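A quick write-up on the structure given underneath.
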2 protein chains.
Amino acid sequence: MSISTRFSVGIHILSLLEVNKEGVNTSEFIAKSVNTNPALIRKITGMLRNAGLVNVRPGIAGATLAKELSDITLLDVYQAVNVVQDKELFGIHEQPNPACTVGRNIQDTIGPIFSVAELALEKALGVVTIEDVVKDILEKEKFNNQ
Amino acid sequence: MSISTRFSVGIHILSLLEVNKEGVNTSEFIAKSVNTNPALIRKITGMLRNAGLVNVRPGIAGATLAKELSDITLLDVYQAVNVVQDKELFGIHEQPNPACTVGRNIQDTIGPIFSVAELALEKALGVVTIEDVVKDILEKEKFNNQ
DNA sequence: TTTACATGTAATAATATAAGTTACAGGTTG
DNA sequence: CAACCTGTAACTTATATTATTACATGTAAA
């Protein structure tokens, strides 16, 4: 199964806040860009707020970026939207047979291996910023308009 | 959400085939070690067979390894059990608004980024073999018996 | 202070996948 | 043919995601 689209939506939201920073980015406006409904946007925006990535408050229309674009990595977003609990990207079958050599050791053996792989993934996400994403979007846009 | 336990079960199966290579590894026997039911084991074993990792045939009791332990990486297992379709570890929201600068470019922008992260994950899985896993299991076992 | 409008959040339903289970067809061996 | 195993389909249960609706709460302007 794939990792939740909350992650890509979160990236979309942050990018939009920058690209449309002159406008008022209400959950309804963002929802139209993402093509989903406002309640889901508010939920994800709330997660981004809890992670300190955006400013958004009850009653006040629109969300804004809370950090510099270059200070927000995709890893920040990934962790903010709780796509994966820490150290739980890979599911490990529960309760293997303790009466079996493999059964009683497999979890302790593959756990650390999975952690290494997970960290490799996170590292790759950590070197890309929303600034990089926005630049690429604007570059593609320029190319399309030629 | 986590990646399916089919992956960890696949690793368990292959490790067990080595550790219990003197015995006959029927789906029922393996199921007891994994602590699940034989039908699921046969399903996963079938996937490992399709990937050329084990020998198993209708009517003949027991599965055996089809390759050297050191020639089977966790990436081979990962791909064999189809935990993730190629290039689809990360879900990307469908149909963002083409009338929006972000909406019409976001997919093409984050797709390649996600691929890089996915490859980093796969690379980490590719450097660990079932031989490494089995050695670690046996080492832990020795330590526990001291 | 009342009205208009936005966010926060709960509740629900629809959908998808995983995992457990049962059943049985088909292959193999003695 | 009998016993046993694998392959596989069908069904159930459990869980997570996503979409949707509804409404309480907060803010600001008239």
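Please read these numbers as outputs of a predicted model, since none were measured by experiment. Numbered from 1 within each chain, the chains take letters A, B, ... in sequence-line order.
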Would you indicate which nucleotide in [options] comes nearest to any side-chain atom of [X]?
X: B:Asn37; options: D:dT21, C:dT7, C:dT21; result: C:dT21
X: B:Arg49; options: D:dT18, D:dT8, C:dT21; result: D:dT8
X: B:Thr26; options: D:dT17, C:dA6, D:dT6; result: D:dT6
X: A:Lys43; options: D:dT20, C:dT22, D:dT18; result: D:dT18
X: A:Ile60; options: D:dT27, D:dT18, C:dG20; result: D:dT27
X: B:Ala61; options: D:dT21, D:dC5, C:dA19; result: D:dC5
X: B:Pro58; options: D:dT8, D:dT18, D:dT6; result: D:dT6
X: B:Ser4; options: D:dT20, C:dT22, C:dA18; result: C:dA18

Nucleotide [N], atom [atom2] - distance to [atom1] of [X] in whole Å:
X: A:Arg57; N: C:dG8; atom1: CZ; atom2: P; value: 11 Å
X: A:Asn55; N: D:dG26; atom1: CG; atom2: C1'; value: 17 Å
X: B:Ile3; N: C:dA16; atom1: CD1; atom2: P; value: 21 Å
X: B:Phe7; N: C:dT17; atom1: CZ; atom2: P; value: 20 Å
X: B:Leu40; N: D:dC5; atom1: CG; atom2: P; value: 18 Å
X: A:Gln95; N: C:dG20; atom1: CD; atom2: P; value: 11 Å
X: B:Arg6; N: C:dT17; atom1: CZ; atom2: C1'; value: 9 Å
X: B:Arg42; N: D:dA9; atom1: CZ; atom2: C1'; value: 12 Å

For residues [X] and [Y], report the shortest heavy-atom separation together with the two atoms involved.
X: B:Ser33; Y: B:His12; value: OG-NE2, 2.8 Å
X: A:Gln107; Y: A:Pro112; value: O-CD, 4.5 Å
X: B:Thr101; Y: A:Ile137; value: O-CG2, 3.8 Å

Report yes or no: does A:Thr5 contribute a side-chain atom to a donor-acceptor pair with the main-chain N or O of A:Ser8 at less than 3.5 Å?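 No, the answer is negative, given that no donor and acceptor are paired below the 3.5 Å cut-off.
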
Closest-nucleotide ordering on DNA chain D, the 5'-leading residue of A:Gly59 and A:Asn35: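 Here A:Asn35 is the residue nearer the 5' end.
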
Classify the nucleic acid contact of A:Gly91 as base, sugar-phosphate or nothing, counting any heavy atom under 4.0 Å across all strands shown.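 Nothing, no nucleic acid heavy atom in range.
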
Quick one: label B:Thr45 by what it contacts on the DNA or RNA (base, sugar-phosphate, nothing), any heavy atom closer than 4.0 Å.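 The residue B:Thr45 makes no contact with any strand.
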
Does D:dC5 have OP1 or OP2 sitting under 4.0 Å from an N or O in the side chain of B:Ser27?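 False: B:Ser27 side-chain N/O out of range (4.0 Å or more) of D:dC5 OP1/OP2.
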
Quick one, B:Lys21 with B:Glu18, criterion salt bridge (charged side-chain N to carboxylate O under 4.0 Å, His left out). Give me CA distance, side-chain angles, the key distance, then yes/no. CA-CA 5 Å; B:Lys21 62 186 167 189; B:Glu18 171 65 17; 2.9 Å; yes

